[in-house]
Amino acid sequence: MLDRTYLRENPDEVGDALENRGADVDLDEILEIDERWRELKARGDDLRHDRNEITQQIGKLVAEGKDDEREEAIERSRELKDEIEAVEAEADELHDELQERLLEVPNVPHESVPLGLEERHNVEDRRWGFDDLRELPDDVVPHYELGEDLDVIDEERAAKTTGSGFYFLKGDGARLEHALVQFMMDVHREQGYVDLFPPIPVKSASMRGTGQLPKFADDAYRLGASNDDSYEEEDLWLCPTAEVPVTNMYANEILLKDDLPLKHQAYTPNFRREAGEHGTETRGIVRVHQFNKVELVNFVEPEESYDRLEGLLDEAEAVLRRLGLPYRILELCTGDLTFASAKTYDIEVWAPGDDFEDGPEEGGRWLEVSSASNFEDYQARRSGLRYRPERHESAEYLHTLNASGLALPRVMVAILEYYQNEDGTVTIPEALRPYMGGKEVIEGHEKVGEAALGAGERE
RNA sequence: GCCAGGAUGGCCGAACGGUAAGGCGCACGCCUGGAAAGCGUGUUCCCUUUGGGAUUCUGGGUUCAAAUCCCAGUCCUGGCGCCA
């Protein structure tokens with residue numbers, strides 16, 4: 001949420017910034033509501049002042065036994081009560097509306113963010129790992145086929161138990177998932193992160209704090225009610241990203257200066273409805289309704305947040321470097337920023353299995369595995385995250401940042417495709433072998449059931 | 001799930017219908033050769049800031065007046081029940 005005072009004092013600047021994002025927000029209307037609210041608030045304050053004085057008099061008159069004067073004062077107080085009620089009811093209504101509107105205003109992009117409304121305006125900063133690529137098979141088999149061949153990914157049966165967009169990992173596939181989680185968390189622990197294992201359902205209030213609500217209710221799984229139903233503060237949603245429980249863990253608290261920078265990492269499953277995404281990337285595990293992710297969340301002092309963003313990006317990248325997976329870094333343009341972000345870098349890993357038009361010259365495609373974002377005080381204001389710069393000073397909003405460190409399925413896609421061998425096996429990246437009992441190659445499993453017989457995969 | 005008790009500033013804690021004591025911490029000032037002690041001021045939010053308003057977990061209600069009485073909720077503690 002933007003600071004009301006800032007908005008009031010810099011309407012043009014904010015207006016331009018929102019236009020750069022392609023945001024559809026009527027700022028003038030918001031400012032007008034604010035103006036009207038302040039008028040009513042002032043009037044209400046005056047009326048209350050009058051009433052407070054009279055009430056105090058009544059106390060005295062009661063003590064002094066001046067019955068006539070007391071009755072008169074009580075009568076006047078009653079009148080004031082009605083007036084106050086009327087004025088404040090209107091003021092409250094305006095305030096609620098103001099709040100509601102402000103919750104739908106996205107963050108203002110940082111001045112260093114590239115201008116542009118479309119994906120193609122994103123700026124590629126650099127690439128890593130393309131200078132000495134592994135020797136790949138002539139035809140890299142896409143992960144969804146290879147996963148089925150090796151019987152380590154089973155989408156069909158997950159559709160049976162749960163629905164499309166879910167998948168089973170089996171045998172070495174499941175083992176690889178566990179290994180990746182443990183490996184990533186070890187890497188980040190070395191970087192100074194403290195582990196959290198958060199609750200998976202989260203309240204509406206938490207979802208609002210990080211910016212998922214109110215605008216993006218359709219993306220999340222609602223518990224115990226339809227997404228179209230109106231929701232209360234206490235209603236629960238399935239965690240769409242660990243950013244939500246972890247950032248809101250300290251909601252409405254005042255942290256000490258010494259607590260910062262606060263670095264937490266959390267491994268959780270993430271649930272996303274991906275409404276309206278059918279037909280795009282439906283094959284495989286690139287876009288699914290449930291996936292695991294290790295999330296990095298930072299709380300820092302405002303002056304340090306942009307330095308920390310660079311550090312955070314590097315901390316997330318470290319995972320790919322240690323796995324030896326080639327990737328690139330994108331600086332997102334104003335129009336491609338997520339709702340709450342002031343600046344975002346994307347990390348895209350190289351998956352050579354499917355040739356996409358916008359992939360690199362080497363073929364294959366880019367897969368986003370992390371977004372490192374600085375939210376400045378936007379989430380902090382919504383969630384009530386403050387710290388006290390000096391002991392005697394009043395509390396200030398801190399800055400929040402986060403990045404995936406990293407999203408598991410897409411890393412697995414990259415491993416299955418980039419570490420693929422000519423014979424259809426997959427070499428396990430060296431960094432992961434200690435987490436898989438020293439195993440070096442994924443050779444696959446014998447399939448189960450009569451369908452395997454019919455396909456000639458078992459005798 | 002049931003019963004009982006509880007929630008007051010950064011922290012502790014009083015007031016139990018008449019408009020939030022006191023202490024601790026922290027900051028600044030006075031005092032001091034310097035420090036401690038002592039004294040003073042400050043230490044939540046909002047507004048049109050020499051001023052005013054709001055704020056005793058949240059939301060309602062009673063009253064001229066609510067931290068205080070009533071109702072509902074959230075969370076905490078204890079007991080009982082249930083339970084991987």
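Each chain gets a letter, A, B and so on, in the order its sequence line appears, and its residues count up from 1.
Minimum interatomic distance between A/Met1 and A/Arg381 (heavy atoms only, all atoms of both residues): O-NH1, 3.0 Å.
Comparing B/rA21 with B/rC26, their P atoms are spaced 23 Å from each other, to the whole Å.
Across the protein-nucleic acid pair, A/Glu396 atom CD and B/rU43 atom P stand 17 Å apart, rounded to whole Å. Distance, A/Leu255 CG to B/rC11 P: 12 Å, rounded to whole Å. Rounding to whole angstrom units, CD of residue A/Glu53 and C1' of B/rG53 are separated by 13 Å. Counting to the nearest Å, the C1' atom of B/rG53 and the CH2 atom of A/Trp37 are 11 Å from each other. Atom CD of A/Gln57 and atom C1' of B/rU19 are 14 Å apart (whole Å). A/Arg38 has its CZ atom 11 Å from the P atom of B/rU49, to the nearest Å. Rounded to whole Å, the distance from CD1 on A/Ile254 to P on B/rU44 is 9 Å. Taking atom CZ on A/Arg43 and atom P on B/rA54, their separation rounds to 17 Å, with Å as the unit.
Between the side chains of A/Thr241 and A/Lys293, a donor-acceptor pair is found at a separation under 3.5 Å.
A/Thr247 is listed as a side-chain neighbour of A/Leu385, based on a closest heavy-atom distance under 4.5 Å. Looking at heavy atoms from C-beta onward, A/Val288 lies in side-chain contact with A/Tyr167 at the 4.5 angstrom threshold.
Nearest to the side chain of A/Lys41, among B/rU48, B/rC45, B/rG53, sits B/rG53. Distance from the side chain of A/Gln56 is smallest for B/rU19 among the nucleotides B/rU19, B/rG10, B/rG53.
Residue contacts shown for A/Asp46 are absent, as no nucleic acid heavy atom lies under 4.0 Å away.
Contact check, A/His49 against B/rG52: no side-chain N or O comes under 4.0 Å of OP1 or OP2. For B/rU19, neither phosphate oxygen OP1 nor OP2 lies less than 4.0 angstrom from any side-chain nitrogen or oxygen of A/Asn52. Contact annotation: A/Arg8 reaches the phosphate of B/rC47 (side-chain N/O to OP1 or OP2, under 4.0 Å).
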message: Protein within reach of the bases, or only the backbone? For nucleotides 55-76 of chain B, mark each nucleotide 5' to 3' as B, S or -, using heavy atoms under 4.0 Å.
response: ---------BS-----------

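The stretch residues 83-105 of chain A does not touch RNA chain B, since none of its heavy atoms comes less than 4.0 Å from the strand.
At a threshold of 4.0 Å, the pair A/Glu253-A/Arg386 does not count as salt-bridged, since none of the basic side-chain nitrogens sits closer than that to a carboxylate oxygen.
Counting only residues at least two apart or in different chains, salt bridge (Lys or Arg N to Asp or Glu O under 4.0 Å) contacts with residues 443-455 of chain A comprise A/Glu446-A/Arg458, A/Lys447-A/Glu457. The salt bridge (Lys or Arg N to Asp or Glu O under 4.0 Å) analysis of residues 11-30 of chain A, with sequence neighbours excluded, yields the pairs A/Glu29-A/Arg101.
In RNA chain B, runs of at least 3 consecutive Watson-Crick or G-U pairs, each pair with both distances below 3.5 Å, span B:1-7 with B:74-80, B:10-12 with B:22-24, B:25-30 with B:38-43, B:44-47 with B:51-54, B:57-61 with B:69-73.
Residues passing the side-chain contact (heavy atoms from CB on, under 4.5 Å) test with A/Arg189 are A/Met185, A/Asp186, A/Asp195, A/Gln265, sequence neighbours excluded.
For A/Asp45 against B/rG52, a side-chain N or O and a base N or O form a donor-acceptor pair under 3.5 Å.
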